[in-house]
Amino acid sequence: MIARRLFASRTALAVLNKPTTTTATTRAVGRRFESTVKVGESSSESVRPPQQVARKKRPIGGFRGGVVGFLLGVTTAGAFGFIYLIEEYQKATSLVLCSVDELERSSLKVKEYVKKIEAVESDLEKVRANSATSQQVAQLKADWRKQSDILARDHLELKAHVWEIEQDVDSALGRSPSKPASSKSS
């Protein structure tokens with residue numbers, strides 16, 4: 001209480017020591033508004049420029065320093081995180097490009113193999129068109145056997161007919177009958 005009275009009296013003395021100006025204080029907004037009009041003068045006669053009130057620089061407190069430090073740290077961490085993300089993105093992109101190139105090379109090889117396979121298939125179709133099936137081969141074998149049997153029978157019939165002619169010629173010439181043609185060499 002004594003300290004308040006002492007402070008109030010010092011403030012009152014300081015206000016009394018100002019000889020020419022009146023101070024009006026308004027606390028509605030929490031700021032002071034001062035007019036610099038001399039006592040007894042009207043405002044139209046002369047106006048002095050407002051006096052600059054020297055503000056004290058408040059030192060950065062622990063809370064504001066902590067907020068500034070936090071924001072600085074978050075910004076730095078965000079920048080490094082962003083740079084790391086960009087690098088990882090570039091690495092991933094280069095890996096994807098390498099795999100795309102490899103895929104392109106392998107697809108070209110597959111295309112070449114497909115062309116070779118198609119060429120072989122077309123050749124195979126030509127061979128199939130020109131070749132005989134097993135059924136056709138069996139038919140040809142049966143026809144060959146039949147023809148060989150016919151040829152052998154015709155050959156035997158011809159031999160028999162030639163032998164009969166030899167017999168008729170021998171009997172007409174008066175010679176002794178000859179042996180059958182089977183003993184003679186052909």
Side-chain angles (χ1 to χ4, degrees), residues 28-32 52-186:
V29 182
R31 293 189 291 177
R32 292 185 175 182
Q52 293 283 338
V53 177
R55 287 189 172 179
K56 285 185 177 179
K57 279 193 170 182
R58 290 194 279 176
I60 296 178
F63 178 73
R64 283 194 290 167
V67 169
V68 169
F70 173 75
L71 291 177
L72 183 65
V74 165
T75 304
T76 306
F80 282 119
F82 184 71
I83 290 170
Y84 177 76
L85 253 159
I86 295 280
E87 288 175 356
E88 288 297 317
Y89 177 74
Q90 287 175 346
K91 287 178 187 176
T93 303
S94 65
L95 284 174
V96 167
L97 287 176
C98 288
S99 64
V100 166
D101 290 339
E102 186 178 328
L103 180 64
E104 185 178 2
R105 285 191 299 257
S106 64
S107 67
L108 289 175
K109 285 182 181 179
V110 168
K111 284 182 182 179
E112 290 176 11
Y113 291 143
V114 166
K115 286 179 183 178
K116 288 179 182 178
I117 289 171
E118 287 175 352
V120 168
E121 284 180 348
S122 67
D123 291 343
L124 182 65
E125 288 299 319
K126 289 177 184 176
V127 168
R128 281 185 184 167
N130 293 333
S131 66
T133 62
S134 61
Q135 192 176 29
Q136 290 173 338
V137 170
Q139 179 71 30
L140 286 173
K141 280 183 182 179
D143 288 344
W144 182 76
R145 284 183 188 144
K146 191 187 281 184
Q147 291 297 326
S148 67
D149 285 345
I150 290 173
L151 186 64
R153 190 178 48 213
D154 286 346
H155 179 68
L156 288 176
E157 284 178 4
L158 183 62
K159 264 186 163 181
H161 185 60
V162 169
W163 187 73
E164 285 177 7
I165 290 176
E166 280 182 7
Q167 291 298 323
D168 288 340
V169 169
D170 280 342
S171 64
L173 290 174
R175 289 195 231 162
S176 64
S178 62
K179 295 183 179 176
S182 63
S183 63
K184 289 183 182 178
S185 63
S186 336

Check against side-chain contact (heavy atoms from CB on, under 4.5 Å), Lys159 and Trp163: CA-CA 6 Å; Lys159 264 186 163 181; Trp163 187 73; over 6 Å; no

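- For the pair Val169/Glu166, no side-chain contact is recorded, criterion being any heavy-atom separation below 4.5 Å from C-beta on.
- Leu71 and Thr75 make their closest contact through O-OG1, 2.7 Å (heavy atoms, listed as atom of the first residue, atom of the second, distance).
- Taking a cutoff of 4.0 Å between a charged side-chain nitrogen and a carboxylate oxygen, Arg128 and Glu125 qualify as a salt bridge.
- The distance from atom CD of Glu118 to atom CD of Glu121, rounded to the nearest 0.5 Å, is 7.0 Å.
- To the nearest 0.5 Å, atom NZ of residue Lys115 and atom CD1 of residue Ile117 are 13.0 Å apart.
- Residue Arg145 holds its CZ atom at 11.5 Å from CG of Leu140, rounded to the nearest 0.5 Å.
- Atom CD of residue Glu112 and atom OG of residue Ser107 lie 10.0 Å apart, to the nearest 0.5 angstrom.
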Could you pull out all donor-acceptor pairs under 3.5 Å where a side-chain atom in residues 82-94 meets a protein atom, sequence neighbours excluded?
| unit_1 | atom_1 | unit_2 | atom_2 | d |
| --- | --- | --- | --- | --- |
| Thr93 | OG1 | Tyr89 | O | 2.7 |
| Ser94 | OG | Gln90 | O | 3.3 |
| Ser94 | OG | Lys91 | O | 2.7 |

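- Atom CD of Gln135 has 12 or fewer neighbouring heavy atoms from other residues, nucleotides or ligands inside a 6.0 Å radius.
- Residue Glu102 qualifies as open at atom CD: its count of foreign heavy atoms under 6.0 Å is 12 or below.
- Between atom OG of residue Ser106 and atom CG of residue Asp101 there is a gap of 10.5 Å, rounded to the nearest 0.5 Å.
- Within the 4.5 Å cutoff, the side chain of Leu156 has no heavy atoms near those of the Arg153 side chain.
- We find the CG-CG distance between Asp168 and Leu173 to be 11.0 Å, quoted to the nearest 0.5 Å.
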